[in-house]
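The residues of the chain are indexed from 1 along the displayed sequence.
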Amino acid sequence: MAANRATVIALTALAPVSWGTTYAVTTEFLPPDRPLFTGLVRALPAGLLLLALARVLPRGAWWGKATVLGALNIGAFFPLLFLSAYRLPGGMAAVVGSVGPLCVVGLSALLLGQRPTARNVVTGAAAAGGVSLVVLKAAGALDPLGVSAALASTAAMSAGTVLTKRWGRPEGVGPLALTGWQLTAGGLLIAPVALLVEGAPPAVDAPALGGYLYLAVANTALAYWLWFRGIGRLTATQVTFLGPLSPLTAAVVGWAALGEALAPLQLAGMALAFGATVVGQAAHRPRAGAAAPASAVAQGPAVPPQPRSRDRSMSATVARGSSTSRTRRS
């Protein structure tokens, strides 16, 4: 049981790790100032691919639920994430996104009946503090619109995470189909707005095409499937405490691929944020002989369709999805 739980956590953690590369790909390879188009290309092809693989459509009330979840986790989150990526240094966007665990703790109390604990609050604050230290050198002049977009993207992903946990999945429907529903719904919501606001699609060269393919397949289709699969097996707060891995990955990418230096203070921040991530998982380890939580009972089987726990990012956080500094062009 413990080994299986560790495997679920490790696989779920691959999602925010992938999202940590989002800002680097966005700023290095994609056309500038096209957040809506980038969000559309990231979401809709991935959603249609997963729908083709799952071959399951929503039924009844799930048409509405899938639309709401798609709007929060994808339709609002992606454009806001990329808007913050274009207008803020990635480091600052990461700091804003790192408050996601605290948002989820509060929303879980309201929607899931999970009383916040001092340990969760302190751990969430430690994660945000660690991320702040990691990206401290990347901070630049604040753009009000960029900060607002980063806050809104974090709030949207946090709400979507908790509602996914609350609603679970219809009987017989797996995470592949649930992910496809949300990505497709979110992509369809973004499409008309992108056309009205940004006009025709930009010219795409070979590097941009490769960037879009990576974002759609590995960074979105695969990563979100792992994320929603994890939400089905872990608590909402457990999943969201994996979010700091996104900006930490962004910092490592900046160091390894873009030649950025990591100062001792940043290394200390990485250790603090990573430690908070580990504690965030250990804090929810079920005790032997303890009764299952009411939310788990309501969901049914050992691997539930559940109430849900969201990466800029992109991390939320970023990176939902996490964050690489624009200053570092990552």
A.B. asks: Output yes when a side-chain donor or acceptor of S153 lies under 3.5 Å from a complementary backbone atom of A150, and no otherwise.
C.D. replies: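 Flag set: sc S153 to bb A150 pair under 3.5 Å.
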
A.B. asks: Nearest heavy-atom pair of P35 and L83: which atoms, and what distance?
C.D. replies: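 Of all heavy-atom pairs spanning P35 and L83, the closest is CB-N, 3.5 Å.
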
A.B. asks: Do you know the tightest heavy-atom contact between G129 and L272?
C.D. replies: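 Between these two residues, the closest heavy atoms are C-CD2, 4.3 Å.
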
A.B. asks: Find out if a path of hydrophobic residues (ILVMFWY) with successive side-chain heavy-atom gaps under 4.5 Å connects L189 to W63.
C.D. replies: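 No: no chain of side-chain contacts under 4.5 Å links L189 to W63.
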
A.B. asks: Closer than 3.5 angstrom, by distance alone: can the side chain of Q281 be matched with the main-chain N or O of Q238 as a donor-acceptor pair?
C.D. replies: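 Between the backbone of Q238 and the side chain of Q281 there is a qualifying donor-acceptor contact (under 3.5 Å).
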
A.B. asks: Verify whether the ring centers belonging to Y224 and F78 lie closer than 6.0 Å.
C.D. replies: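 Centroid separation for Y224 and F78: below 6.0 Å.
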
A.B. asks: Is there a continuous path of hydrophobic side-chain contacts, each under 4.5 Å between heavy atoms, that joins V105 to V279?
C.D. replies: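 Hydrophobic grouping puts V105 apart from V279.
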
A.B. asks: If you compare all heavy atoms of A185 against all heavy atoms of G70, which two are closest, and at what distance to 0.1 Å?
C.D. replies: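 In terms of heavy atoms, the two residues are closest at CB-CA, 4.3 Å.
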
A.B. asks: Return the CD to CD1 distance between Q182 and I74, rounded to the nearest 0.5 Å.
C.D. replies: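 CD1 of I74 is found 6.5 Å from CD of Q182.
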
A.B. asks: How long is the span from the CG atom in L226 to the CG atom in L11, to the nearest 0.5 Å?
C.D. replies: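 Reported to 0.5 Å precision, the distance equals 6.0 Å.
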
A.B. asks: Output yes when a side-chain donor or acceptor of T154 lies under 3.5 Å from a complementary backbone atom of G100, and no otherwise.
C.D. replies: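 Side chain of T154 to backbone of G100: no pair is present.
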
A.B. asks: Classify the ring geometry of W167 against W62: parallel below 30°, tilted from 30° to 60°, perpendicular beyond 60°.
C.D. replies: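 Judged by the thresholds at 30° and 60°, the geometry between W167 and W62 is perpendicular.
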
A.B. asks: Calculate, to the nearest 0.5 Å, the distance between atoms CG and CG belonging to L213 and N219 respectively.
C.D. replies: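 Taking CG in L213 and CG in N219, the distance rounds to 12.0 Å.
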
A.B. asks: Any non-hydrogen side-chain atom of L245 less than 4.5 Å from a side-chain atom of F274?
C.D. replies: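 They are in contact (side-chain heavy atoms under 4.5 Å apart), so the answer is yes.
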
A.B. asks: Rounded to the nearest 0.5 Å, how far apart are NZ of K65 and CZ of R169?
C.D. replies: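 These two atoms lie 13.5 Å from each other.
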
A.B. asks: Please determine whether side chain to side chain contact (heavy atoms under 4.5 Å, CB included) holds for the pair T38 and Y212, giving the CA-CA distance in whole Å, both sets of side-chain angles, and the decisive distance to 0.1 Å.
C.D. replies: CA-CA 8 Å; T38 300; Y212 283 131; 3.7 Å; yes

A.B. asks: To the nearest 0.5 Å, what is the distance between CG on L57 and CG on L51?
C.D. replies: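 Rounded to the nearest 0.5 Å, the CG-CG separation comes out at 6.5 Å.
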
A.B. asks: If only atom types and distance count, is the side chain of T123 paired as donor or acceptor with the main-chain N or O of A276 below 3.5 Å?
C.D. replies: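 Answer holds: no.
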
A.B. asks: Quick one: which of L183, T220, L222, T184 gives a side-chain contact (heavy atoms from CB on, under 4.5 Å) with L50?
C.D. replies: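 For L50, the side-chain contact (heavy atoms from CB on, under 4.5 Å) check succeeds only for L183.
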
A.B. asks: Backbone N or O of V239 within a donor-acceptor pair of the W227 side chain at under 3.5 Å?
C.D. replies: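 No, the answer is negative, given that no donor and acceptor are paired below the 3.5 Å cut-off.
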
A.B. asks: Does the pair L176 and L53 meet the rule for a side chain to side chain contact (heavy atoms under 4.5 Å, CB included), with working shown?
C.D. replies: CA-CA 8 Å; L176 190 72; L53 292 174; 3.9 Å; yes

A.B. asks: Looking at side-chain heavy atoms only, is the closest gap between I9 and L234 below 4.5 Å?
C.D. replies: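 They are in side-chain contact.
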
A.B. asks: Is the count of non-hydrogen atoms from other residues, nucleotides or ligands lying under 6.0 Å from Y214 atom OH greater than 12?
C.D. replies: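 Count over threshold, so yes.
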
A.B. asks: If I compare all heavy atoms of L188 with all of P192, which pair ends up nearest, and what's the gap?
C.D. replies: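 Looking at all heavy atoms of both residues, the shortest contact is O-CD, 3.0 Å.
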
A.B. asks: Please name all residues satisfying side chain to side chain donor-acceptor pair (under 3.5 Å) with S148, sequence neighbours left out, ordered by chain then number.
C.D. replies: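 Not a single residue meets the side chain to side chain donor-acceptor pair (under 3.5 Å) criterion with S148.
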
A.B. asks: What distance separates I190 CD1 from R42 CZ, expressed to the nearest 0.5 Å?
C.D. replies: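 If I round to the nearest 0.5 Å, the distance is 9.5 Å.
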
A.B. asks: Quick one, M157 with N73, criterion side chain to side chain contact (heavy atoms under 4.5 Å, CB included). Give me CA distance, side-chain angles, the key distance, then yes/no.
C.D. replies: CA-CA 5 Å; M157 186 65 168; N73 290 321; 3.6 Å; yes

A.B. asks: Taking all non-hydrogen atoms of both residues into account, name the closest pair between F37 and P201 and its distance.
C.D. replies: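 Here F37 and P201 meet closest at CE1-CB, 3.5 Å.
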
A.B. asks: Are L36 and L40 packed together at the side-chain level, in the sense that at least one heavy-atom pair is separated by less than 4.5 angstrom?
C.D. replies: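 Not touching, per the 4.5 Å side-chain cut-off.
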
A.B. asks: Does the side chain of T235 reach to within under 4.5 Å of the side chain of L112, using non-hydrogen atoms?
C.D. replies: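 A side-chain contact is absent here, since even the closest heavy-atom pair is not under 4.5 Å.
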
A.B. asks: Would W225 and L242 show up in the same hydrophobic cluster when neighbours are defined by side-chain heavy atoms closer than 4.5 Å?
C.D. replies: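 In one cluster: yes.
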
A.B. asks: Quick one, W181 with T67, criterion side chain to side chain contact (heavy atoms under 4.5 Å, CB included). Give me CA distance, side-chain angles, the key distance, then yes/no.
C.D. replies: CA-CA 8 Å; W181 297 350; T67 301; over 6 Å; no

A.B. asks: For residues V131 and L102: do they belong to one hydrophobic cluster (side chain heavy atoms under 4.5 Å, members Ile, Leu, Val, Met, Phe, Trp, Tyr)?
C.D. replies: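 In one cluster: no.
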
A.B. asks: Quick one: closest heavy-atom pair of F241 and P101, and the distance?
C.D. replies: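 Heavy atoms only, the tightest pair is CE2-CB, 3.8 Å.
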
A.B. asks: According to a hydrophobic-cluster definition based on side-chain heavy atoms being under 4.5 Å apart (Ile, Leu, Val, Met, Phe, Trp, Tyr only), do L195 and L48 belong together?
C.D. replies: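 Different hydrophobic clusters.
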
A.B. asks: Has the side chain of T277 got a donor or acceptor atom that lies under 3.5 Å from a matching backbone atom of A273?
C.D. replies: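 Yes, T277 side chain to A273 backbone: donor-acceptor pair under 3.5 Å.
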
A.B. asks: Are the side chain of T21 and the backbone N or O of S18 linked by a donor-acceptor pair below 3.5 Å?
C.D. replies: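 Checking the backbone N and O of S18 against the side chain of T21, a donor-acceptor pair under 3.5 Å is found.
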
